[in-house]
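This is a predicted model, so every value here is computed, not measured. Naming convention: chains lettered A, B, ... in sequence-line order (proteins, then strands); numbering from 1 in each chain. We use all heavy atoms of the structure for the numbers below, so side chains are in, but hydrogens, waters and symmetry mates are not.
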Amino acid sequence: MYDFNYHRPSSLEEAAKILAGAEEGIPLAGGHTLLPTLKQRLAQPSDVVDLSGIAELKGISEAGNAVVVGAMTPHAEVNRSQVVRSRIPALAHMASDIGDSQVRHRGTIGGSIANADPSADYPAAVVGLAATVKTNKREIAGDDFFTGLFETALEEHELVVSVSFPVPEKAGYAKFANPASRYPMVGVMVAKAADGVRVAVTGAGPSVFRWTEAEQALASNWSADAIAGLSHSPDGLNSDIHASAEYRAHLIGVMAKRALAAAG
Amino acid sequence: MLTVSMTVNGKQVSKEVEPRTLLVQFLREQLGLTGTHVGCDTSQCGACVVHLDGTSVKACTLLAAQAEGAEVTTIEGLAQNGELHPMQAAFKEHHGLQCGFCTPGMVMSAVDLLKHNADPSDREIREWLQGNICRCTGYHNIVKAIQAAAQTMRG
Ligand SMILES: Cc1cc2nc3c(=O)[nH]c(=O)nc-3n(C[C@H](O)[C@H](O)[C@H](O)COP(=O)(O)OP(=O)(O)OC[C@H]3O[C@@H](n4cnc5c(N)ncnc54)[C@H](O)[C@@H]3O)c2cc1C
Ligand code: FES
Ligand code: FES
(Lines give C-alpha, C1' and ligand atoms only; values in the text may rest on other atoms or scores of the structure.)
(Ligands and ions follow the chains in the order given, each with its own letter.)
Protein backbone atom coordinates (compact mmCIF):
# COMPACT_ATOMS: atom_id res chain seq x y z
CA MET A 1 0.00 0.00 0.00
CA TYR A 2 1.30 3.47 -0.84
CA ASP A 3 1.21 5.89 2.06
CA PHE A 4 -1.39 8.64 2.38
CA ASN A 5 -2.65 11.24 4.83
CA TYR A 6 -5.44 9.99 7.07
CA HIS A 7 -8.34 12.17 8.23
CA ARG A 8 -11.35 11.46 10.40
CA PRO A 9 -13.70 14.45 10.18
CA SER A 10 -16.80 14.69 12.37
CA SER A 11 -19.12 16.44 9.90
CA LEU A 12 -20.07 16.16 6.24
CA GLU A 13 -19.00 19.76 5.63
CA GLU A 14 -15.55 19.06 7.02
CA ALA A 15 -15.24 15.85 4.97
CA ALA A 16 -16.24 17.68 1.78
CA LYS A 17 -13.71 20.43 2.51
CA ILE A 18 -10.84 17.98 3.05
CA LEU A 19 -11.74 16.07 -0.12
CA ALA A 20 -11.94 19.25 -2.17
CA GLY A 21 -8.61 20.52 -0.86
CA ALA A 22 -6.68 17.28 -1.33
CA GLU A 23 -4.57 16.47 -4.34
CA GLU A 24 -6.36 13.16 -4.65
CA GLY A 25 -8.81 12.55 -1.83
CA ILE A 26 -10.93 9.44 -1.37
CA PRO A 27 -13.60 8.58 1.20
CA LEU A 28 -13.18 5.48 3.36
CA ALA A 29 -16.29 3.70 4.66
CA GLY A 30 -15.98 0.06 5.79
CA GLY A 31 -12.82 -0.32 3.74
CA HIS A 32 -13.72 -3.81 2.51
CA THR A 33 -13.33 -2.80 -1.10
CA LEU A 34 -11.03 0.19 -0.77
CA LEU A 35 -8.34 -1.36 1.46
CA PRO A 36 -7.89 -4.51 -0.68
CA THR A 37 -7.61 -2.17 -3.70
CA LEU A 38 -4.97 -0.05 -1.97
CA LYS A 39 -3.09 -3.16 -0.84
CA GLN A 40 -2.78 -4.18 -4.47
CA ARG A 41 -1.55 -0.66 -5.30
CA LEU A 42 -4.36 -0.23 -7.81
CA ALA A 43 -4.96 3.28 -6.50
CA GLN A 44 -2.75 5.93 -4.93
CA PRO A 45 -4.83 8.52 -3.08
CA SER A 46 -2.98 11.36 -1.37
CA ASP A 47 -5.63 11.63 1.35
CA VAL A 48 -8.00 9.06 2.82
CA VAL A 49 -11.05 10.53 4.55
CA ASP A 50 -12.57 8.12 7.08
CA LEU A 51 -16.33 8.77 7.29
CA SER A 52 -16.84 6.80 10.51
CA GLY A 53 -16.82 9.88 12.75
CA ILE A 54 -19.82 11.50 11.04
CA ALA A 55 -22.92 10.81 13.12
CA GLU A 56 -25.49 11.76 10.47
CA LEU A 57 -24.32 8.94 8.18
CA LYS A 58 -25.25 6.25 10.69
CA GLY A 59 -28.37 4.37 11.60
CA ILE A 60 -31.74 3.25 10.29
CA SER A 61 -35.04 5.10 10.61
CA GLU A 62 -38.57 5.16 9.26
CA ALA A 63 -39.81 8.21 7.37
CA GLY A 64 -43.41 8.04 6.18
CA ASN A 65 -43.73 4.89 4.12
CA ALA A 66 -39.99 4.44 3.66
CA VAL A 67 -37.05 2.92 5.48
CA VAL A 68 -33.98 5.17 5.47
CA VAL A 69 -30.57 3.55 5.85
CA GLY A 70 -27.57 5.77 6.63
CA ALA A 71 -24.59 5.38 4.28
CA MET A 72 -22.26 4.14 7.05
CA THR A 73 -24.64 1.43 8.27
CA PRO A 74 -22.91 -1.96 8.08
CA HIS A 75 -24.64 -4.91 6.43
CA ALA A 76 -24.97 -6.77 9.77
CA GLU A 77 -26.95 -3.87 11.22
CA VAL A 78 -29.32 -3.78 8.24
CA ASN A 79 -29.86 -7.51 8.73
CA ARG A 80 -30.51 -7.20 12.48
CA SER A 81 -32.69 -4.08 12.33
CA GLN A 82 -36.24 -4.70 13.56
CA VAL A 83 -37.48 -1.88 11.30
CA VAL A 84 -35.95 -3.46 8.19
CA ARG A 85 -37.05 -6.96 9.20
CA SER A 86 -40.65 -5.96 9.72
CA ARG A 87 -41.04 -3.46 6.85
CA ILE A 88 -38.77 -4.87 4.09
CA PRO A 89 -37.75 -8.43 5.02
CA ALA A 90 -36.22 -8.95 1.56
CA LEU A 91 -33.69 -6.20 2.31
CA ALA A 92 -32.79 -7.75 5.68
CA HIS A 93 -32.37 -11.09 3.92
CA MET A 94 -30.12 -9.56 1.25
CA ALA A 95 -27.91 -7.97 3.92
CA SER A 96 -27.66 -11.30 5.78
CA ASP A 97 -25.97 -12.95 2.82
CA ILE A 98 -23.42 -10.37 1.67
CA GLY A 99 -19.91 -11.80 1.91
CA ASP A 100 -19.20 -13.43 5.29
CA SER A 101 -19.90 -12.43 8.89
CA GLN A 102 -16.78 -10.28 9.25
CA VAL A 103 -17.40 -8.52 5.92
CA ARG A 104 -20.93 -7.77 7.15
CA HIS A 105 -19.57 -6.25 10.37
CA ARG A 106 -17.58 -3.62 8.46
CA GLY A 107 -18.92 -3.23 4.89
CA THR A 108 -21.50 -0.47 4.46
CA ILE A 109 -24.38 0.27 2.10
CA GLY A 110 -22.88 3.64 1.11
CA GLY A 111 -19.55 2.05 0.20
CA SER A 112 -21.25 -0.72 -1.71
CA ILE A 113 -23.39 1.48 -3.91
CA ALA A 114 -20.69 4.16 -4.43
CA ASN A 115 -18.36 1.41 -5.61
CA ALA A 116 -21.00 -0.01 -8.03
CA ASP A 117 -19.34 -3.38 -8.45
CA PRO A 118 -21.28 -5.20 -11.19
CA SER A 119 -21.56 -8.16 -8.78
CA ALA A 120 -22.64 -6.28 -5.66
CA ASP A 121 -25.97 -7.16 -4.00
CA TYR A 122 -27.32 -3.76 -2.91
CA PRO A 123 -27.72 -2.30 -6.44
CA ALA A 124 -30.54 -4.83 -6.95
CA ALA A 125 -32.31 -3.37 -3.89
CA VAL A 126 -31.72 0.26 -4.89
CA VAL A 127 -33.22 -0.32 -8.36
CA GLY A 128 -35.67 -3.11 -7.49
CA LEU A 129 -37.24 -1.21 -4.61
CA ALA A 130 -37.18 2.16 -6.45
CA ALA A 131 -35.03 3.73 -3.73
CA THR A 132 -33.77 7.29 -3.62
CA VAL A 133 -30.12 8.01 -2.86
CA LYS A 134 -29.54 11.14 -0.79
CA THR A 135 -26.13 12.79 -1.13
CA ASN A 136 -24.57 15.88 0.44
CA LYS A 137 -25.70 17.77 -2.68
CA ARG A 138 -28.99 16.33 -3.93
CA GLU A 139 -31.33 13.36 -4.24
CA ILE A 140 -30.79 10.82 -7.02
CA ALA A 141 -33.45 8.34 -8.14
CA GLY A 142 -32.32 4.72 -7.84
CA ASP A 143 -32.97 4.24 -11.56
CA ASP A 144 -30.47 7.00 -12.40
CA PHE A 145 -27.79 6.12 -9.84
CA PHE A 146 -25.92 3.27 -11.53
CA THR A 147 -24.55 4.39 -14.88
CA GLY A 148 -22.15 1.61 -15.88
CA LEU A 149 -19.36 -0.72 -14.84
CA PHE A 150 -18.11 0.69 -11.48
CA GLU A 151 -19.78 3.97 -12.46
CA THR A 152 -22.44 6.01 -10.72
CA ALA A 153 -24.13 9.38 -11.09
CA LEU A 154 -22.04 10.66 -8.15
CA GLU A 155 -19.87 13.65 -9.02
CA GLU A 156 -16.30 13.93 -7.83
CA HIS A 157 -16.23 14.04 -4.01
CA GLU A 158 -20.02 13.83 -3.75
CA LEU A 159 -20.91 11.75 -0.69
CA VAL A 160 -23.75 9.31 -0.22
CA VAL A 161 -25.62 10.27 2.95
CA SER A 162 -28.45 7.72 3.02
CA VAL A 163 -30.64 5.47 0.93
CA SER A 164 -34.42 5.69 1.27
CA PHE A 165 -36.36 2.52 0.39
CA PRO A 166 -40.14 2.88 -0.10
CA VAL A 167 -41.87 -0.04 1.63
CA PRO A 168 -43.20 -2.40 -1.07
CA GLU A 169 -46.31 -4.58 -0.80
CA LYS A 170 -44.16 -7.61 -1.48
CA ALA A 171 -40.53 -8.19 -2.30
CA GLY A 172 -38.10 -11.09 -2.54
CA TYR A 173 -34.39 -11.45 -3.31
CA ALA A 174 -32.51 -14.53 -4.47
CA LYS A 175 -28.89 -14.85 -5.46
CA PHE A 176 -26.64 -17.55 -6.81
CA ALA A 177 -23.47 -16.90 -4.83
CA ASN A 178 -20.02 -17.55 -6.21
CA PRO A 179 -18.87 -20.27 -3.80
CA ALA A 180 -15.46 -18.66 -3.25
CA SER A 181 -16.19 -14.95 -3.00
CA ARG A 182 -19.90 -15.02 -1.96
CA TYR A 183 -20.61 -12.26 -4.49
CA PRO A 184 -23.70 -12.97 -6.57
CA MET A 185 -23.03 -14.46 -10.02
CA VAL A 186 -26.63 -13.36 -10.52
CA GLY A 187 -28.96 -11.79 -7.99
CA VAL A 188 -32.59 -10.82 -8.63
CA MET A 189 -34.87 -8.57 -6.60
CA VAL A 190 -38.58 -8.89 -7.41
CA ALA A 191 -40.93 -6.32 -5.90
CA LYS A 192 -44.56 -5.30 -6.14
CA ALA A 193 -45.45 -1.78 -5.06
CA ALA A 194 -48.32 0.66 -5.52
CA ASP A 195 -46.68 2.05 -8.67
CA GLY A 196 -45.95 -1.29 -10.29
CA VAL A 197 -43.74 -4.35 -10.43
CA ARG A 198 -39.95 -4.29 -10.61
CA VAL A 199 -37.46 -7.04 -11.43
CA ALA A 200 -33.88 -5.85 -10.91
CA VAL A 201 -30.91 -7.99 -11.91
CA THR A 202 -27.37 -7.65 -10.54
CA GLY A 203 -24.23 -9.67 -11.30
CA ALA A 204 -25.30 -10.52 -14.83
CA GLY A 205 -24.39 -7.39 -16.78
CA PRO A 206 -21.89 -4.52 -16.50
CA SER A 207 -24.34 -2.80 -14.17
CA VAL A 208 -27.67 -3.57 -12.50
CA PHE A 209 -30.65 -3.54 -14.92
CA ARG A 210 -34.41 -4.15 -14.99
CA TRP A 211 -35.88 -7.19 -16.73
CA THR A 212 -38.86 -5.39 -18.24
CA GLU A 213 -40.36 -8.44 -19.93
CA ALA A 214 -40.70 -10.18 -16.57
CA GLU A 215 -42.03 -6.99 -14.97
CA GLN A 216 -44.84 -6.79 -17.55
CA ALA A 217 -45.69 -10.45 -17.16
CA LEU A 218 -45.84 -10.18 -13.35
CA ALA A 219 -47.80 -6.93 -13.47
CA SER A 220 -50.70 -8.69 -15.16
CA ASN A 221 -50.30 -11.98 -13.28
CA TRP A 222 -48.27 -12.09 -10.04
CA SER A 223 -47.44 -15.79 -10.14
CA ALA A 224 -44.67 -18.21 -11.06
CA ASP A 225 -46.70 -19.22 -14.15
CA ALA A 226 -46.37 -15.72 -15.56
CA ILE A 227 -42.59 -15.98 -15.89
CA ALA A 228 -42.25 -19.75 -16.31
CA GLY A 229 -41.89 -19.50 -20.08
CA LEU A 230 -39.68 -16.39 -20.18
CA SER A 231 -35.96 -16.44 -20.80
CA HIS A 232 -33.47 -13.59 -20.84
CA SER A 233 -31.15 -13.12 -23.80
CA PRO A 234 -27.40 -13.61 -23.12
CA ASP A 235 -26.56 -10.63 -25.39
CA GLY A 236 -24.47 -8.08 -23.52
CA LEU A 237 -24.19 -10.16 -20.32
CA ASN A 238 -20.89 -10.83 -18.55
CA SER A 239 -18.77 -13.81 -19.50
CA ASP A 240 -15.80 -14.69 -17.30
CA ILE A 241 -14.03 -17.62 -15.64
CA HIS A 242 -16.97 -18.01 -13.25
CA ALA A 243 -19.78 -18.28 -15.80
CA SER A 244 -20.61 -17.71 -19.46
CA ALA A 245 -23.18 -15.17 -20.59
CA GLU A 246 -25.52 -18.06 -21.48
CA TYR A 247 -25.25 -19.51 -17.98
CA ARG A 248 -25.90 -16.12 -16.39
CA ALA A 249 -28.91 -15.62 -18.67
CA HIS A 250 -30.30 -18.94 -17.47
CA LEU A 251 -29.63 -18.00 -13.84
CA ILE A 252 -31.66 -14.80 -14.25
CA GLY A 253 -34.78 -16.87 -14.91
CA VAL A 254 -34.07 -19.26 -12.04
CA MET A 255 -33.26 -16.51 -9.53
CA ALA A 256 -36.34 -14.51 -10.57
CA LYS A 257 -38.52 -17.53 -9.80
CA ARG A 258 -36.84 -18.07 -6.43
CA ALA A 259 -37.15 -14.37 -5.57
CA LEU A 260 -40.83 -14.48 -6.47
CA ALA A 261 -41.36 -17.53 -4.28
CA ALA A 262 -39.59 -15.72 -1.41
CA ALA A 263 -41.80 -12.64 -1.93
CA GLY A 264 -44.94 -14.78 -1.62
CA MET B 1 3.15 9.69 11.20
CA LEU B 2 0.08 9.33 13.33
CA THR B 3 -0.34 8.46 16.99
CA VAL B 4 -2.89 5.73 17.63
CA SER B 5 -4.17 4.71 21.04
CA MET B 6 -6.32 1.72 21.86
CA THR B 7 -6.81 -0.98 24.45
CA VAL B 8 -5.36 -4.33 23.40
CA ASN B 9 -6.18 -7.34 25.55
CA GLY B 10 -7.00 -5.04 28.44
CA LYS B 11 -3.81 -2.97 28.18
CA GLN B 12 -3.74 0.63 27.03
CA VAL B 13 -1.27 1.12 24.14
CA SER B 14 -0.23 4.21 22.24
CA LYS B 15 2.19 4.19 19.28
CA GLU B 16 3.32 6.14 16.27
CA VAL B 17 2.29 4.55 12.97
CA GLU B 18 2.30 5.37 9.29
CA PRO B 19 -1.31 6.06 8.26
CA ARG B 20 -1.24 3.05 5.92
CA THR B 21 -0.45 0.62 8.76
CA LEU B 22 -3.00 -2.17 8.93
CA LEU B 23 -4.33 -3.21 12.32
CA VAL B 24 -2.83 -6.67 11.81
CA GLN B 25 0.63 -5.16 11.15
CA PHE B 26 0.27 -2.98 14.21
CA LEU B 27 -0.56 -6.00 16.37
CA ARG B 28 2.11 -8.29 14.96
CA GLU B 29 4.99 -5.93 14.22
CA GLN B 30 4.59 -3.17 16.78
CA LEU B 31 3.07 -5.06 19.69
CA GLY B 32 4.66 -8.45 18.96
CA LEU B 33 1.27 -10.20 19.12
CA THR B 34 1.96 -12.73 16.38
CA GLY B 35 -0.97 -15.00 17.23
CA THR B 36 -3.05 -13.04 14.72
CA HIS B 37 -2.08 -14.45 11.31
CA VAL B 38 -2.12 -13.23 7.72
CA GLY B 39 -3.17 -15.88 5.24
CA CYS B 40 -4.20 -13.90 2.16
CA ASP B 41 -4.24 -10.46 0.61
CA THR B 42 -7.83 -10.58 -0.59
CA SER B 43 -9.68 -10.32 2.76
CA GLN B 44 -11.07 -13.83 2.32
CA CYS B 45 -9.27 -16.27 4.63
CA GLY B 46 -10.08 -15.04 8.15
CA ALA B 47 -6.70 -16.00 9.69
CA CYS B 48 -6.50 -12.41 10.96
CA VAL B 49 -9.82 -12.23 12.84
CA VAL B 50 -9.76 -10.25 16.10
CA HIS B 51 -12.49 -8.55 18.13
CA LEU B 52 -12.97 -4.81 17.78
CA ASP B 53 -15.24 -3.52 20.54
CA GLY B 54 -16.49 -7.08 20.95
CA THR B 55 -17.24 -7.78 17.28
CA SER B 56 -15.21 -10.07 15.02
CA VAL B 57 -13.41 -8.26 12.20
CA LYS B 58 -10.61 -8.96 9.75
CA ALA B 59 -7.56 -7.13 11.09
CA CYS B 60 -5.98 -7.21 7.62
CA THR B 61 -8.78 -5.05 6.26
CA LEU B 62 -8.74 -2.31 8.84
CA LEU B 63 -6.23 0.49 9.33
CA ALA B 64 -4.73 0.74 12.79
CA ALA B 65 -6.03 4.32 12.69
CA GLN B 66 -9.60 3.02 12.34
CA ALA B 67 -9.21 1.25 15.69
CA GLU B 68 -8.40 4.52 17.48
CA GLY B 69 -9.99 4.44 20.94
CA ALA B 70 -11.29 0.90 20.50
CA GLU B 71 -11.01 -2.22 22.63
CA VAL B 72 -9.18 -4.92 20.69
CA THR B 73 -9.01 -8.56 21.76
CA THR B 74 -6.64 -10.97 20.03
CA ILE B 75 -6.18 -14.69 20.50
CA GLU B 76 -3.55 -13.90 23.16
CA GLY B 77 -6.23 -12.16 25.21
CA LEU B 78 -8.63 -15.09 25.51
CA ALA B 79 -6.94 -17.26 28.14
CA GLN B 80 -7.50 -16.02 31.70
CA ASN B 81 -5.01 -16.68 34.50
CA GLY B 82 -3.22 -19.31 32.45
CA GLU B 83 -6.45 -21.14 31.72
CA LEU B 84 -7.53 -21.71 28.14
CA HIS B 85 -10.82 -20.16 27.07
CA PRO B 86 -13.47 -22.91 26.70
CA MET B 87 -13.31 -22.42 22.91
CA GLN B 88 -9.52 -22.98 22.88
CA ALA B 89 -9.89 -26.00 25.16
CA ALA B 90 -12.56 -27.47 22.89
CA PHE B 91 -10.43 -27.03 19.73
CA LYS B 92 -7.63 -28.90 21.54
CA GLU B 93 -9.87 -31.66 22.86
CA HIS B 94 -11.74 -32.27 19.58
CA HIS B 95 -8.80 -31.95 17.17
CA GLY B 96 -10.22 -28.75 15.67
CA LEU B 97 -6.77 -28.01 14.23
CA GLN B 98 -3.95 -29.64 12.34
CA CYS B 99 -1.29 -27.12 11.21
CA GLY B 100 -2.96 -24.42 13.34
CA PHE B 101 -2.56 -21.58 10.88
CA CYS B 102 -6.28 -20.81 10.64
CA THR B 103 -6.95 -21.54 14.31
CA PRO B 104 -6.61 -18.09 15.92
CA GLY B 105 -9.08 -16.65 13.41
CA MET B 106 -11.41 -19.64 13.73
CA VAL B 107 -11.46 -19.36 17.51
CA MET B 108 -12.04 -15.59 17.53
CA SER B 109 -14.80 -15.91 14.94
CA ALA B 110 -16.44 -18.79 16.85
CA VAL B 111 -16.36 -16.89 20.16
CA ASP B 112 -18.22 -14.03 18.45
CA LEU B 113 -20.81 -16.44 17.03
CA LEU B 114 -21.67 -17.74 20.50
CA LYS B 115 -22.30 -14.17 21.68
CA HIS B 116 -25.13 -13.90 19.13
CA ASN B 117 -26.25 -17.50 19.22
CA ALA B 118 -25.48 -19.59 22.31
CA ASP B 119 -26.92 -22.77 20.80
CA PRO B 120 -26.13 -22.81 17.07
CA SER B 121 -26.95 -25.66 14.69
CA ASP B 122 -24.12 -27.24 12.67
CA ARG B 123 -25.43 -25.38 9.64
CA GLU B 124 -25.40 -22.04 11.46
CA ILE B 125 -21.81 -22.68 12.53
CA ARG B 126 -20.75 -23.49 8.97
CA GLU B 127 -22.52 -20.42 7.63
CA TRP B 128 -20.90 -18.19 10.25
CA LEU B 129 -17.46 -19.54 9.31
CA GLN B 130 -17.80 -18.74 5.59
CA GLY B 131 -15.04 -16.16 5.99
CA ASN B 132 -12.65 -18.55 7.75
CA ILE B 133 -10.75 -20.87 5.47
CA CYS B 134 -8.98 -24.03 6.70
CA ARG B 135 -6.79 -26.06 4.34
CA CYS B 136 -6.28 -28.99 6.73
CA THR B 137 -9.17 -30.19 8.84
CA GLY B 138 -12.07 -30.40 6.42
CA TYR B 139 -13.99 -28.29 9.00
CA HIS B 140 -15.75 -31.28 10.55
CA ASN B 141 -13.82 -31.23 13.82
CA ILE B 142 -13.95 -27.45 13.95
CA VAL B 143 -17.75 -27.64 13.97
CA LYS B 144 -17.57 -30.37 16.59
CA ALA B 145 -15.27 -28.27 18.77
CA ILE B 146 -17.55 -25.25 18.54
CA GLN B 147 -20.57 -27.36 19.48
CA ALA B 148 -18.67 -28.69 22.50
CA ALA B 149 -17.57 -25.19 23.56
CA ALA B 150 -21.14 -23.93 23.17
CA GLN B 151 -22.34 -26.69 25.45
CA THR B 152 -19.67 -25.92 28.08
CA MET B 153 -20.38 -22.21 27.93
CA ARG B 154 -24.14 -22.71 28.29
CA GLY B 155 -23.25 -24.52 31.50
C1 LIG C 1 -14.41 -11.35 1.17
C2 LIG C 1 -15.41 -10.35 0.68
C3 LIG C 1 -16.64 -10.78 0.22
C4 LIG C 1 -17.59 -9.87 -0.23
N5 LIG C 1 -18.79 -10.34 -0.68
C6 LIG C 1 -19.71 -9.48 -1.13
C7 LIG C 1 -20.99 -9.93 -1.59
O8 LIG C 1 -21.30 -11.12 -1.55
N9 LIG C 1 -21.85 -9.01 -2.07
C10 LIG C 1 -21.57 -7.66 -2.08
O11 LIG C 1 -22.41 -6.88 -2.49
N12 LIG C 1 -20.40 -7.21 -1.61
C13 LIG C 1 -19.46 -8.08 -1.14
N14 LIG C 1 -18.27 -7.60 -0.67
C15 LIG C 1 -18.04 -6.15 -0.70
C16 LIG C 1 -18.45 -5.52 0.62
O17 LIG C 1 -19.84 -5.53 0.77
C18 LIG C 1 -17.88 -4.11 0.67
O19 LIG C 1 -17.85 -3.80 1.99
C20 LIG C 1 -18.64 -3.06 -0.08
O21 LIG C 1 -18.75 -3.28 -1.43
C22 LIG C 1 -17.96 -1.71 0.04
O23 LIG C 1 -18.37 -1.13 1.21
P24 LIG C 1 -17.34 -0.52 2.23
O25 LIG C 1 -18.15 0.13 3.29
O26 LIG C 1 -16.38 -1.55 2.64
O27 LIG C 1 -16.67 0.62 1.34
P28 LIG C 1 -15.17 1.09 1.13
O29 LIG C 1 -14.32 -0.05 0.71
O30 LIG C 1 -14.71 1.88 2.28
O31 LIG C 1 -15.39 2.07 -0.09
C32 LIG C 1 -15.72 1.60 -1.39
C33 LIG C 1 -15.73 2.78 -2.38
O34 LIG C 1 -16.83 3.63 -2.14
C35 LIG C 1 -16.40 4.96 -1.81
N36 LIG C 1 -17.31 5.41 -0.73
C37 LIG C 1 -17.50 4.79 0.46
N38 LIG C 1 -18.47 5.41 1.17
C39 LIG C 1 -18.90 6.44 0.41
C40 LIG C 1 -19.90 7.44 0.60
N41 LIG C 1 -20.67 7.51 1.69
N42 LIG C 1 -20.08 8.35 -0.40
C43 LIG C 1 -19.32 8.30 -1.54
N44 LIG C 1 -18.37 7.37 -1.77
C45 LIG C 1 -18.16 6.45 -0.80
C46 LIG C 1 -14.96 4.81 -1.40
O47 LIG C 1 -14.24 5.98 -1.65
C48 LIG C 1 -14.51 3.67 -2.28
O49 LIG C 1 -14.18 4.12 -3.56
C50 LIG C 1 -17.30 -8.49 -0.21
C51 LIG C 1 -16.06 -8.03 0.27
C52 LIG C 1 -15.12 -8.95 0.71
C53 LIG C 1 -13.81 -8.44 1.23
S1 FES D 1 -5.44 -12.30 6.22
FE2 FES D 1 -6.88 -13.32 4.98
S3 FES D 1 -8.71 -12.33 5.59
FE4 FES D 1 -7.25 -11.27 6.71
S1 FES E 1 -5.53 -26.34 10.64
FE2 FES E 1 -4.24 -25.92 8.96
S3 FES E 1 -5.35 -24.35 7.94
FE4 FES E 1 -6.72 -24.97 9.44
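Neither the backbone nor the side chain of B/Ile133 comes within contact range of chain A; no heavy atom of the residue lies under 4.5 Å from a heavy atom of that chain. With a 4.5 angstrom heavy-atom cutoff, B/Leu113 does not touch chain A via any of its atoms. Neither the backbone nor the side chain of B/Thr21 has a heavy atom closer than 4.5 Å to any heavy atom of chain A. For A/Asp50, the part sitting under 4.5 Å from any heavy atom of chain B is the side chain, from C-beta outward, and nothing else. Contacts of A/Arg182 with chain B are made by side-chain atoms alone, with heavy-atom separations under 4.5 Å and no backbone atom involved. Contact annotation for A/Leu28: only side-chain heavy atoms (C-beta onward) come within less than 4.5 Å of a heavy atom of chain B. Only the side chain of B/Val49 has a heavy atom closer than 4.5 Å to any heavy atom of chain A. For chain A, no part of B/Glu68 is nearby; none of its heavy atoms comes within less than 4.5 Å.
Within 6.0 Å of CZ on A/Arg258 lie no more than 12 heavy atoms contributed by other residues, nucleotides or ligands. Around atom CZ of B/Arg123, no more than 12 heavy atoms belonging to other residues, nucleotides or ligands sit under 6.0 Å away. Heavy atoms from other residues, nucleotides or ligands lying under 6.0 Å from CD of B/Gln12 number more than 12. In the displayed structure, A/Lys58 atom NZ is contacted under 6.0 Å by more than 12 heavy atoms of other residues, nucleotides or ligands. Summarising the local packing, CD of A/Glu156 is surrounded by 12 or fewer heavy atoms from other residues, nucleotides or ligands at distances under 6.0 Å. Within 6.0 Å of CD on B/Gln151 lie no more than 12 heavy atoms contributed by other residues, nucleotides or ligands. When the shell of 6.0 Å around NE2 of A/His93 is examined, it contains more than 12 heavy atoms from other residues, nucleotides or ligands.
Expressed to the nearest 0.5 Å, how far NE2 of B/His116 lies from CZ of A/Arg80 amounts to 5.5 Å. If you take CG on A/Leu35 and CG on B/Leu23, they are separated by 11.0 Å, rounding to the nearest 0.5 Å. Atoms CG and CG, from B/Asn132 and A/Asp100 in turn, are 7.5 Å apart once rounded to the nearest 0.5 Å.
Taking each heavy atom of B/Thr61 and A/Pro36 in turn, the nearest pair found is CG2-CD, 4.0 Å. Counting all heavy atoms, side chain and backbone alike, B/Pro19 lies closest to A/Tyr6 at CB-CB, 3.8 Å. Of all the heavy atoms in B/Trp128 and A/Gln102, the pair that sits closest is NE1-NE2, 4.1 Å.
Side chain of A/His105 to main chain of B/Ser56: a donor-acceptor pair is present (N/O by atom type, distance under 3.5 Å, no hydrogens or angles). A side-chain donor-acceptor contact under 3.5 Å links A/Asp3 to the backbone of B/Arg20. Listed for the A/Lys39 side chain is a donor-acceptor partner under 3.5 Å among the backbone atoms of B/Cys60.
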Do B/Lys58 and A/Arg106 pass the side-chain contact (heavy atoms from CB on, under 4.5 Å) test, and can you show the C-alpha distance, the side-chain angles, and the key distance before you say yes or no?
-> CA-CA 9 Å; B/Lys58 294 176 178 177; A/Arg106 298 292 302 175; over 6 Å; no
Before giving the answer on side-chain contact (heavy atoms from CB on, under 4.5 Å), spell out for A/Ser52 and B/Gln66 the whole-Å C-alpha distance, their side-chain angles and the decisive distance to 0.1 Å.
-> CA-CA 8 Å; A/Ser52 67; B/Gln66 289 177 284; 5.9 Å; no
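Among the candidates B/Leu63, B/Asp41, B/Leu22, B/Asp112, the residue making the largest number of heavy-atom pairs closer than 4.5 Å to chain A is B/Leu63.
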